[in-house]
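My structure is below; once you've seen it, I'll send some questions.
As a basis for the values below, the full set of heavy atoms in this structure was taken, side chains included, without hydrogen atoms, waters or symmetry mates. The model shown is predicted, which means the values in this text are computed figures rather than measured ones. Just so you know, ligand 1 is whichever comes first in the structure, and atom 1 is the first atom listed for that ligand.
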Amino acid sequence: MRSPFRPDVVPDAAILDDHKPLIRDLERRGLIRGGLSLGALVMLTGCDVDRPKAVETALLAISRLNDGVQALLFDPNKLAPTYPASMILRPPKFNAYYDVMDVKPVDGAAWRLELSGLIADKRPWTLPQLQALPQTSMVIKHICVEGWSYIGGWTGVPLRIFLERIGADLRARYVAFRTADDYPSSIDMATALHPQTLLATRYGDDLLADPFGYPVRLRMATKLGYKNPKWITAIEVTNDYPGGYWEAKGFPWFAGL
Ligand SMILES: Nc1nc2c(c(=O)[nH]1)N[C@H]1C(S)=C(S)[C@@H](COP(=O)(O)O)O[C@H]1N2
Ligand SMILES: [Mo]
């Protein structure tokens, strides 16, 4: 179903023309802004959208999203489905806004997690320090906006425990992330405190492999794939809307499931 993004294969832009009414409807409802380029759709979904059906699936998935309503309906105690460990896909499926060949591995020994904003203790963290915090595992479904998905098994410290430990202001509105590949991202505090939101350092029983965010990535059971930043280098707690990479290109910010 899914093929890696190949810059040499440029899908026919006429595919989007077939969906003009749906795209106009999404724009009118504020779910996408400034027009949707086919290139952006390909990069975001990691899917071969050179099939009219795939484009339609992607657009309908976006259509079901509505940031404001979803944020109001979000239940901080409701758990997303989990699955048996036997269903974990190895290796996981890769996606990024560039090809897997262009992943630049992060040096875990030199890596530090920088902290800023509404946080009492802003000292940077090392990987062993993070791994010494209480760990949780979850086997969950990764859902891409286009419609492909896979079952993954993730282990790490719950973001809530980490935020409490550093003295973050838990009444703040946003938790924002910076990454080694310049993929800014941010989530609402309710989702940050959700029990199925982890700073993941392991996939299955192993350390994260380079393409999947080594040494640390965010893994949430309650959000679409693009809301889960890999290769995190900095966390900020803030009341100022931080946005994100795809959000700046017109995709929904809340993007919950
Ligand atoms: N730093 C970073 N994180 C990222 C991305 C990226 O390009 N850079 N892509 C996102 C998208 S669109 C998806 S679907 C998931 C893919 O995660 P996976 O490769 O572990 O399946 O990572 C998300 N996190
Ligand atoms: Mo994605």
Using distance alone, determine whether Y98 and ligand 1 share an N or O pair under 3.5 Å.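 Not met; the criterion fails.
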
I need the atoms of ligand 1 closer than 4.0 Å to a non-hydrogen atom of A96, numbered in the order shown.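 Contacts of ligand 1 toward A96, numbered from 1: 6 (C), 7 (O), 9 (N).
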
Check each heavy atom of D181 against ligand 1 and say whether those closer than 4.0 Å belong to the side chain, the backbone, both or neither.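 Looking at D181 and ligand 1, just side chain atoms fall under 4.0 Å.
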
Heavy-atom donor-acceptor pair, N228 side chain to L224 backbone, under 3.5 Å: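 Answer holds: yes.
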
Compare Y245, F212, Y183 and give the one whose heavy atom is closest to atom 9 (N) of ligand 1.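 Nearest heavy atom to atom 9 (N) of ligand 1 lies in Y183.
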
P92 touching ligand 1 at heavy-atom level, < 4.0 angstrom: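 No.
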
Should K223 and D188 count as an ion pair when the cut-off is N to O under 4.0 Å?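 D188 and K223: salt-bridged.
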
Are any of the N or O atoms of W231 closer than 3.5 Å to those of ligand 1?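 Such a contact does not occur with ligand 1.
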
Residues forming a side-chain hydrogen bond (donor to acceptor under 3.5 Å, both in side chains) with S137, sequence neighbours excluded: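 Residues passing side-chain hydrogen bond (donor to acceptor under 3.5 Å, both in side chains) with S137: T155.
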
Do the side-chain N and O atoms of Y226 and N95 include a donor-acceptor pair separated by under 3.5 angstrom?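 No, N95 and Y226 have no side-chain donor paired with an acceptor closer than 3.5 Å.
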
Given R219, K227, H142, which has its nearest heavy atom closest to atom 16 (C) of ligand 1?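 Looking at heavy atoms only, the winner is H142.
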
Which atoms of ligand 1 sit under 4.0 Å from any heavy atom of Y226?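 By the 4.0 Å cutoff, the relevant atoms are 10 (C), 11 (C), 12 (S).
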
Quick one: which ligand 1 atoms are inside 4.0 Å of a heavy atom on Y150?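 Once the distances to Y150 are compared, the set is 18 (P), 20 (O), 21 (O).
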
With only distance considered, is W246 within less than 3.5 Å of ligand 1 through an N or O on each side?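 N/O-N/O distance under 3.5 Å: no.
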
Pairs touching residues 116-135 that satisfy side chain to side chain donor-acceptor pair (under 3.5 Å), sequence neighbours left out: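 Listed once each, the pairs are D121-R123, T126-Q129.
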
Element-labelled atoms of ligand 1 that are located less than 4.0 Å from some non-hydrogen atom of Y97: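 Going through ligand 1 atom by atom, the ones under 4.0 Å from Y97 are 7 (O).
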
Between W246 and Y97, is the ring centroid distance below 6.0 Å?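 Judged by ring-centre distance (under 6.0 Å), W246 and Y97 do not meet the cut-off.
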
With respect to K93, determine whether any N or O atom, backbone or side chain, lies less than 3.5 Å from an N or O atom of ligand 1.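 Such a contact does occur with ligand 1.
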
Determine whether the aromatic ring centres of F212 and W231 lie less than 6.0 Å apart.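 No; W231 has its ring centre 6.0 Å or more from that of F212.
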
